[in-house]
Amino acid sequence: MKRFSQTLWLVVLVAVLSSSFLMPRAFADDVPEEMKTISEYSILWGDPSESLESVRSASPERWIVVKIGKSFPNKPQHISSVWIKFQLPTHIPKDYGIYIQDIRTQKMKVYIGEHLIRETRYDFPYDAQRGLFPISSEESGETVYLKLESTMDRLSIYSTIRIDQYSILMRSYVLQDLQNIILGSAFLFIALIMLIGSVFLKRGQIRSWVLISIVSLSVGIIFITYSPFVYANFTNYGGLFINLFDVALNVFLPALTWSFEQIFDNGKFKWVRRFRKFQVAYSVLLIAFMFINQLNHYQFNKAYFFVAVTVLGYLMIFQFVLIIGLCFQLMRKGNKEAVVFSIGFGTLAVMSILDLVNFYTSSLNYQFYLWKWGGIALFITLIVILVRRFALNQELLVNYSKELEFYNHQLQLSERTEIISSLAASVAHEVRNPLQVTRGFLQLIGSRSEEKEKEYMQIAIEELDRASVIITDFLTFSKPQLDETVDIDVNQVIKQIEGIIMPLATLQGGRIAVSVPPNLYIRGNVSKFKQVMINLIKNSIEAFQDDGEVQIRAYEMDSKIYLHIKDNGQGIEAAELAKLGKPYFTTKQKGTGLGLMVTFRIIEAMQGEIVFESQKNNGTEVIMSFPKVKQ
Ligand code: ADP
Ligand code: MG
């Protein structure tokens, strides 16, 4: 999926770059040069039946002079036909041509002198035409007549009239629309890839994916069918392009609301849903009306324009305000996706407003083009949001599988301890009794033996005692429930232990320092708590290097009793820290590797916690905490 979205990015990037590369060139060619532009033309409102001869001989008062770039003539209400004339320069070099970028008309006849050189007619309601005609040297100083006819609102030339080398004009003519075509094709291409890609998606994701590809598809169609290029070059399909534009716009608008809903809806935006449903219904009706209008030879054009342009315009404004309002609301709640979406949507809104302002301030002589960049920005943000969703989903999945692994591990661990527990319990019981009996007899024999044998007996008894301690450890492990729990006075217990363990420390050439204040109480079984303390302190003593010291301190903090046992012994390797408490983990020659396992078990039963902090050769500190008991 990642690679797929990367490809998408690349396509969008290439499209944007190539079009922004083309745009300045296309516009650079529009800069009027004094020599090469015709600065005025004359206009004669007339009826469609008026012929060229009668126009040529019409009295000069009937002609109105229009200065190009200053003002553009408004078409009188009832008029549907107009004649326009302008004079060619007196010296026209070879291979020259005339280029008029923006002529608003459905039918056009172009005459140079008396000769008809071009005739186009759009039998569909579309009036943006361009004119590019070659002129020869013989036509120097001739008058050019254009007869324009339209049933639509505008009827005139709305741009400069350029005269230049035909090849240069040709380039302008083509480049003008190339941007639209490239952008449009890029969007169509992306939509296609997305639709194909959606086959691989799960049900939960597919809807927003398909919706966004529909947005892309409709934007692509709008870009292409908005450009006059396709009408000029594929006039036969003009009706189809018009229909495609209307259908695409009517698909785009609800799809946009729907995408918004898909991305942000969590059941809250009831009336966004209602509005979207209304939009869908309106679009369906409009498209139906469009076909009816067309089948009736555009008889209902006025009514259709009212619902498809005027009313739809207001609906679009409402839609934009609604979405922007909701975006602000979401942003206030800290929704990151709303921020991203607003950037795209805001760009579209601002660009469209700029377009509209330009449109009204330049007296309707304006080609909308800024909104396209807004459309691209919006589309990119939609994709960003989608990809972010995918990334988040992936992260969720990874976290989930990590958790699963962790619990599995825990389960295995507890299973293992369970097995050891039951084994230990049965074996230990069976072994302890014969051990006790053997010890008794050994003692008996020992008392009757000679000195030398007595010594051996003593060693045997000590070894038996060691075995007995191991068995006690085992039994504690298998039965950690604290048989009889009381409130333990920590200070008192530590004092007792100090007495027992001090000789061992002295024997190892070290000392024990205790700092435990009175009146610290925890809940537990006294002998098991003692076992914990002895296990830990013994470990510290066994870790002694020269001049060893064990510090024991206790204190109360946040309703807990903390107990620290700190030594300056050999410390523990980082890798071994994780192994502490695992059965049979020991680094000692005569060690059992059971002491800490038992200790952990008891502390767990006392609802306490234990942490080891240690570095190799830098001593070890054991930190325990237990719930405090009030006395
Ligand atoms: P044993 O003492 O029989 O080896 P334990 O479960 O008590 O078993 O301890 C396991 C291991 O943890 C020890 O072998 C030792 O390597 C390490 N260890 C525990 N406490 C300390 C300590 N205070 N200093 C250094 N190593 C320690
Ligand atoms: Mg030990």
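Every number for a ligand or one of its atoms is a count from 1 in the order of the listing.
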Going by an N to O cut-off under 4.0 Å, is there a salt bridge joining Lys616 and Glu576? no
Could you check which of Leu596, Thr587, Thr586 puts a non-hydrogen atom nearest to atom 15 (C) of ligand 1? Thr587
Contacts satisfying salt bridge (charged side-chain N to carboxylate O under 4.0 Å, His left out) that involve residues 496-510 (not counting sequence neighbours) are none
Can you tell which of Leu536, Ile537, Asn539 gets a heavy atom nearest to atom 9 (O) of ligand 1? Asn539
Using the rule side-chain hydrogen bond (donor to acceptor under 3.5 Å, both in side chains), only one of Gln319, Gln262, Arg276, Lys277 pairs with Thr257; which is it? Gln319
Phe626/Tyr562 aromatic ring centres below 6.0 Å: no
Mind checking whether Phe600 and Phe612 have parallel, tilted or perpendicular rings, split at 30° and 60°? tilted
Return the option from Phe600, Phe585, Phe612, Tyr584 holding the heavy atom at the smallest distance from atom 10 (C) of ligand 1. Phe585
Would you check if the side chain of Ser283 reaches a backbone N or O of Gln279 as a donor-acceptor pair within less than 3.5 Å? yes
Given Met597, Lys588, Lys538, identify the one with the heavy atom nearest to atom 2 (O) of ligand 1. Lys588
Looking at ligand 1, does any of its N/O atoms fall within less than 3.5 Å of an N/O of Gly593? yes
Does the separation of the ring centres of Phe278 and Trp271 fall below 6.0 angstrom? no
Tyr555 vs His564 aromatic rings, parallel, tilted or perpendicular, using cut-offs 30° and 60°? tilted
Considering only heavy atoms, which of Leu577, Thr599, Ile572 lies nearest to atom 18 (N) of ligand 1? Ile572
Around the Mg ion (ligand 2), how many protein N/O/S atoms fall inside 2.8 Å? 1
